[in-house]
Protein chains: 2
Amino acid sequence: MTATPGLRRDAQANLEKLRVAALAVFSRRGLSAPLEDIAREAGVSIGTLYNRVGSREELIDAVVDNLAGEKLKALRDRTLEAETPRAQLETFITEMIDLQLSDPAMNDAMLRRYPDAVLLINACERSMALGAELVETAHVAGVLSDEFTPEDLMTVLWMAGMASHDPAAPHGWRRVVDRSVSAAWTDHPNS
Amino acid sequence: MTATPGLRRDAQANLEKLRVAALAVFSRRGLSAPLEDIAREAGVSIGTLYNRVGSREELIDAVVDNLAGEKLKALRDRTLEAETPRAQLETFITEMIDLQLSDPAMNDAMLRRYPDAVLLINACERSMALGAELVETAHVAGVLSDEFTPEDLMTVLWMAGMASHDPAAPHGWRRVVDRSVSAAWTDHPNS
DNA sequence: GTAGAAAGTGAGGGGCATCTCAACATATGC
DNA sequence: GCATATGTTGAGATGCCCCTCACTTTCTAC
């Protein structure tokens, strides 16, 4: 993809193998998976991993597009397709939670573990900014209580993230999350 | 306290020193504090710690009364002093959250880390059973929506626990927690 | 071809915590 | 007193994971 110039051909290839492996391992086991596993899956030594990417954070950033970027972009698109401010915010929330549920890496991302993975954090911030906009739009449209702030949205998503991969979380966490949002609507479902 | 018979006098004393140290360290740093630190604080070697108590879980259970039992009992008492079902449940919730906020060990306990610390888990279960009763009493009294189940209470407390010692938690988590409860009342504050 | 720069390798060192065990100490019963 | 069962000790083994670096291999430009 992004041919890094001044990199020997084998190094380039290894970097690519590492990207592929990192993507697979991160997606399966989350962003805290042992780097040794990624090197092994790439068919490369741990030393090479460190030669190519200086740290876990850089490795994350090297795969951020496939890891999170695309998914968040798709989420944004589907969100903006919705017709009403309410439907938009609802789409945003449910899809974000689904993402967290289905993808341990996305979950780690949204929870800001690895705050030094700059590109990843940026991608998350952008999504959160969209979320905040949707909240404000809903306020202006008069369909969402002013009591429900953008920060409340962050909280609700944070909670979903924490719950979604904790076996000790109460089974009914989703009820509470859903209700926290649905209680804030001030309209009938189609405005 | 509980003189364990068939234990030599010095061993008995060391066990007591370990209890004291464990209580202090757990309270300060949570139930996952290194056992070496507890041994050091007790003025005893790590080997002795393992001789006296076979594992972290047993050590937790050995101090469970002072660690959680008393506090939970006090909480129960203050809860039952309240005059109305609503006031009782409110007391229970706010005091439980305060406990989690102020005491890392209580937090670990309520979150069921260390599920093998049997006595600790029992103590927590008892508190949770009280919470569930209060919810049901409030239902019967007609002051709490039937939509708010005992499991919702667990969820809310779990969430508070997760948030209270996570620096990455959104600042406004308490808003959402409080609202999840207050939205469920069906009366005016004094029934 | 070949030299020399670039890259690959993986054993090993470091951190952190758990847990063990052979050598050493002491309380207790006779 | 003294034998001995009972305790204590702490260095070191184990388990994870991170990261480095002296040595080997491979590319590539000439």
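Within every chain, numbering begins at 1; the chains are lettered A, B, ... in the order of the sequence lines, protein sequences first and strands thereafter. If you're wondering where the values come from, they're calculated on a predicted model, not measured in any experiment.
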Out of C:dG8, C:dT18, D:dG7, which nucleotide sits closest to the side chain of A:Thr48? C:dG8

Would you indicate which nucleotide in C:dA11, D:dT8, C:dG8 comes nearest to any side-chain atom of A:Asn51? C:dG8

In this structure, how many angstroms lie between the [atom2] atom of [N] and the [atom1] atom of [X], rounded?
{"X": "B:Leu49", "N": "D:dG10", "atom1": "CG", "atom2": "C1'", "value": "13 Å"}
{"X": "B:Asn14", "N": "D:dT6", "atom1": "CG", "atom2": "C1'", "value": "12 Å"}
{"X": "B:Tyr50", "N": "D:dG7", "atom1": "OH", "atom2": "C1'", "value": "18 Å"}
{"X": "A:Glu36", "N": "D:dC18", "atom1": "CD", "atom2": "P", "value": "7 Å"}
{"X": "A:Gln12", "N": "C:dA6", "atom1": "CD", "atom2": "P", "value": "16 Å"}
{"X": "A:Ile38", "N": "D:dC16", "atom1": "CD1", "atom2": "C1'", "value": "16 Å"}

Applying side-chain contact (heavy atoms from CB on, under 4.5 Å), run through B:Asp37 and B:Arg29 and close with a yes or a no. CA-CA 10 Å; B:Asp37 289 4; B:Arg29 322 234 303 258; 2.5 Å; yes

Along nucleotides 22-30 of chain D, 5' to 3', which nucleotides get a B, which get an S, and which get a -, given that the test is a protein heavy-atom distance under 4.0 Å? ----BSS--

By the 4.0 Å heavy-atom rule, please label B:Ile46 as base, sugar-phosphate, or nothing. base

Quick check for you: to the nearest 0.5 Å, what is the distance between A:Leu67 atom CG and A:Leu72 atom CG? 9.5 Å

Less than 4.5 Å apart, side chain to side chain, heavy atoms only: is that true for B:Met162 and B:Trp173? no

Do NZ/NE/NH1/NH2 and the carboxylate oxygens of A:Arg179 and B:Glu147 come within less than 4.0 Å? no

Answer yes when A:Arg112 and A:Glu125 have at least one side-chain N-carboxylate O distance shorter than 4.0 Å, and no when they do not. yes

Can you check whether A:Trp185's main-chain N or O pairs, donor with acceptor, with A:Ser145's side chain at less than 3.5 Å? no

More 5' along DNA chain D: B:Val44 or A:Ser55, using each one's nearest nucleotide? B:Val44

